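Written out below as structure tokens is the structure these notes cover.
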Amino acid sequence: MTSHQHAPNPFRNSLTNGLISKAGRKRRISDDLPARISDYVPVWQESFSPGYSNNLRSFDRPRSHQVWREAVGMFKAWRPRDILGTPLLLIIIWMIVLWWGEEVIFRRKVEDCAWDRWESWPTSSTPHHVVLVADPQLVDPHTYPGRPWPLSSLTVRYTDLYMRKSFQQIQSTLAPESVFFLGDLFDGGREWSTGTGEGVEDFSQDKRWKKYNSNFWLKEYRRFSRIFVDPWLHFQAESLEAKQGRRKFIAELPGNHDLGLGNGIRLPVRKRFQAYFGDGNRIDVIGNHTFVSLDTVSLSAKGQIDPAARSLGSLGIPEGQGRSAKIWEPVEQFLQTVKIEKSRTIDRELRVRYGRSENDVQDHSALEVDDPGAPIVPIGSERTTDMPSVVLTHVPLYREPGTPCGPLRERFPPSESTGGTSETPVKDHANSIRVQAGEQYQNVLTSAISTEIVDLVGDVSHVFSGDDHDYCELIHRGYTSKNGGIKEITVKSISWAMGIRKPGVVLLSLWNPVDQDGKKTATSDMTIQSHLCLLPDQLSIFIRYGWLLGFTLLVLLFRALRIAFGSSSPTKQANGQILPRTKPQSISSEEREITSSSTRSSPPQNGLAVRSSAGKPRSISPSVGYGYGRSYEEVSPRRIDENIHEPVGISTSNKGWNDIALTVGTTQKRTGGLLGAYDVFYSSTLRVGTFVLSWYLWLLLNS
């Protein structure tokens, strides 16, 4: 045995066998490192083992300047795209866009409506802030009866989520003292049966809805509470106004989708609504203004043809007056006494505010039973105060056909026609609310009912209504009023499923200081300022998501094609068609002899042969180790073709021994052509999609 030859080393063989992984792949130190770093880490040769060789030429211990040179080379080779690859950049873009679409846009839209940005009261004023919400119309089977699953479920989910986030942001950012709902809380509330056993009145006449009973209505009631009541209760605990009893949540006003309209109202349905929400006819003193809520959908039965008796229910015809009167008479009785009730309510409010007894002290005296004055209790009289009346109604007041609604109407902006004045505006039918009616709906009240409301309530300065889903603002000149006109605002729907792209609410700022007698102490005649607060365009957000999805797929597809067919293809890199990172060192024939003989003298262990260096010999110096040296074929024309024991089912062709990609069976990775491009595109899309979906679900769960 010559001096440069060595006997088989059992330690080396056992060590080498231990470097074969369970998958049949030769284990390397760099396998435990990130992909980018492992390319620059030198691999010390297998010849470095105790008692293996006394020849220092077979392995040179790395010197400090070599390590420093390699570290500097690794640092210089880093590029931004190594850190921020295409999939990671796409994930970051998606995170930002989703965070903007689910959180930021809602906060910014509500912040744009901050009170101090639009109200203009004296510096020392303390106005009362009110939010008016119209037509949530919770989406249910009645909304889109032909929409299939899962589209129907997604519609319910996203409309509820939109309204909850919007209302929650209104409460946290604007913190209003009072909230009023203007009807149409549900969409199919009038159709669900009540289960009271009152015959035909208990069930809807439409066969499609007879299977929905009162339990379904209660489920919808809980939905409404989760969307609106829960956020209001959450933020009222931190509100000073709540501690003082000034904060109110009023949702008693019904709409035609809650009860029906006119003679189409079923009395059991109205009883159920009033049992859970309260009577639709009520008076509230808010910010020194008298808010009068009226159930105008029931009042609309007055004068309508009774479908049961086919006669007019309010024109003195006996056979048609019975059922119809039960619908509209409670509202009519409330209107007949509304002025006296307003005076009582204002008097109680002022007494409590200034520390007096809530009610007048009655004269206690004994009366005989047969005394005519015994059963008579004084009901008080009308009291003149400077607290203007504000009417809340679901159906707008009557106006002439073509009366324009102003520039803030979304669906049909004003036409460019000239002429007309504020007293007699030019007719604009596209920009107006159409004066028409149909089954279970009526766009405006009749002229007779509108006039009756204004006259009986008295001192009406503003009217706020809903039903139309879009914004409308006008001045009524044909009704009796103190200021020569009544301003009516029809509030936008808060739901993006009601035919408008930009839902909204109306904000009211009330400032009307009065003394203990209800007399005004300020000099300004203006006591109410209003502002339309627009909410995000949800459809536009979804469109942005769609554009970004298309952009993401195109980028990943281009990246996959570039990897599969480009100059940096993994196949070409594996075949050694890239430039070496450092200058290779030459290998002498003596060193090749040592390597060849030592490899052949190592027998197989445990049924697995050790991969010799003949397939693609390695460089001896650490400086030309893994990722730095050229293959043996590049260094010397000599090729060693000895028979080598290979593991069964493992492919090792055209691979450097340090870069060998051993695969079991037929599971070889496709790295070129269309199939390789598909593999890259599928894997990258799956990774990006999984992370983006996880982020999106996290945003939904925490919103």
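Computed over heavy atoms, backbone and side chain alike; hydrogens, waters and symmetry mates excluded. Computed from a prediction, not measured in an experiment: that's the story for all the values here.
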For the [atom1] atom of [X] and the [atom2] atom of [Y], what is their distance to the nearest 0.5 Å?
X    : Y    : atom1 : atom2 : result
N256 : T296 : CG    : OG1   : 9.0 Å
R223 : L185 : CZ    : CG    : 12.0 Å
S683 : L556 : OG    : CG    : 9.0 Å
C405 : D468 : SG    : CG    : 7.0 Å
E102 : L161 : CD    : CG    : 6.5 Å
I528 : E119 : CD1   : CD    : 13.5 Å

Full working for side chain to side chain contact (heavy atoms under 4.5 Å, CB included) between F565 and L674: CA-CA 9 Å; F565 297 100; L674 291 177; 4.1 Å; yes
Taking atom [atom1] of [X] as the centre, report whether more than 12 heavy atoms of other residues, nucleotides or ligands fall under 6.0 Å from it.
X    : atom1 : result
F551 : CZ    : no
E439 : CD    : no
R411 : CZ    : yes
Y545 : OH    : yes
W100 : CH2   : yes

With sequence neighbours excluded, residues passing side chain to side chain contact (heavy atoms under 4.5 Å, CB included) with Q168: R164, P231, F235
Keeping the roles fixed (side chain from [X], backbone from [Y]), state whether a donor-acceptor pair exists under 3.5 Å.
X    : Y    : answer
T159 : T155 : yes
K492 : G466 : no
S125 : P127 : no
Q169 : V110 : no
N702 : W698 : yes
R272 : S193 : yes
D184 : Q137 : no
N213 : N215 : yes
T173 : I170 : no
H394 : L182 : yes

Could you report the tightest heavy-atom contact between [X] and [Y], atom names first, then the distance?
X    : Y    : result
W115 : V130 : CH2-O, 3.8 Å
N431 : P413 : ND2-C, 3.6 Å
S509 : H129 : OG-CD2, 3.9 Å
R190 : G260 : CB-N, 3.7 Å
P176 : R247 : O-NE, 3.1 Å
L253 : S293 : CD1-CB, 4.2 Å

Chi angles and distances behind the salt bridge (Lys or Arg N to Asp or Glu O under 4.0 Å) call for K165, E103: CA-CA 9 Å; K165 289 195 296 187; E103 297 290 340; 5.8 Å; no
Sole residue of K109, R544, R501 in side-chain hydrogen bond (donor to acceptor under 3.5 Å, both in side chains) with D537: R501
Side-chain contact test, heavy atoms from C-beta onward, threshold under 4.5 Å: evaluate it for [X] versus [Y] and give yes or no.
X    : Y    : answer
N443 : P396 : no
F291 : V391 : no
R282 : I250 : yes
H128 : H289 : no
F464 : V390 : yes
W192 : V269 : no
H234 : Q171 : no
Y212 : P141 : yes

Residue pair Y471, K502: steps toward the side chain to side chain contact (heavy atoms under 4.5 Å, CB included) verdict: CA-CA 11 Å; Y471 187 83; K502 297 179 181 179; over 6 Å; no
Audit row: L507, W118, side chain to side chain contact (heavy atoms under 4.5 Å, CB included) steps and yes/no: CA-CA 10 Å; L507 309 180; W118 56 270; 3.7 Å; yes
Residues forming a salt bridge (charged side-chain N to carboxylate O under 4.0 Å, His left out) with E488, sequence neighbours excluded: R399
salt_bridge(E111, R117) N-O dist < 4.0 Å: no
Salt bridge present between E177 and K248 (N-O < 4.0 angstrom): no
Sole residue of F249, F228, Y221, F181 in ring pair (Phe, Tyr, Trp, His ring centres under 6.0 Å) with F277: Y221
CA sep, side-chain torsions, deciding dist, call: F186, W217, ring pair (Phe, Tyr, Trp, His ring centres under 6.0 Å): CA-CA 9 Å; F186 310 108; W217 189 91; 5.6 Å; yes
Identified side chain to side chain contact (heavy atoms under 4.5 Å, CB included) counterpart of V491 within the set D470, D467, V506, D135: V506
Member of P404, S432, C472 meeting the side chain to side chain contact (heavy atoms under 4.5 Å, CB included) criterion with R409: C472
Residues I500, S493; criterion side chain to side chain contact (heavy atoms under 4.5 Å, CB included); working and verdict: CA-CA 8 Å; I500 52 175; S493 173; 4.3 Å; yes
side-chain hydrogen bond (donor to acceptor under 3.5 Å, both in side chains) involving Y144 - partner list, sequence neighbours excluded: none
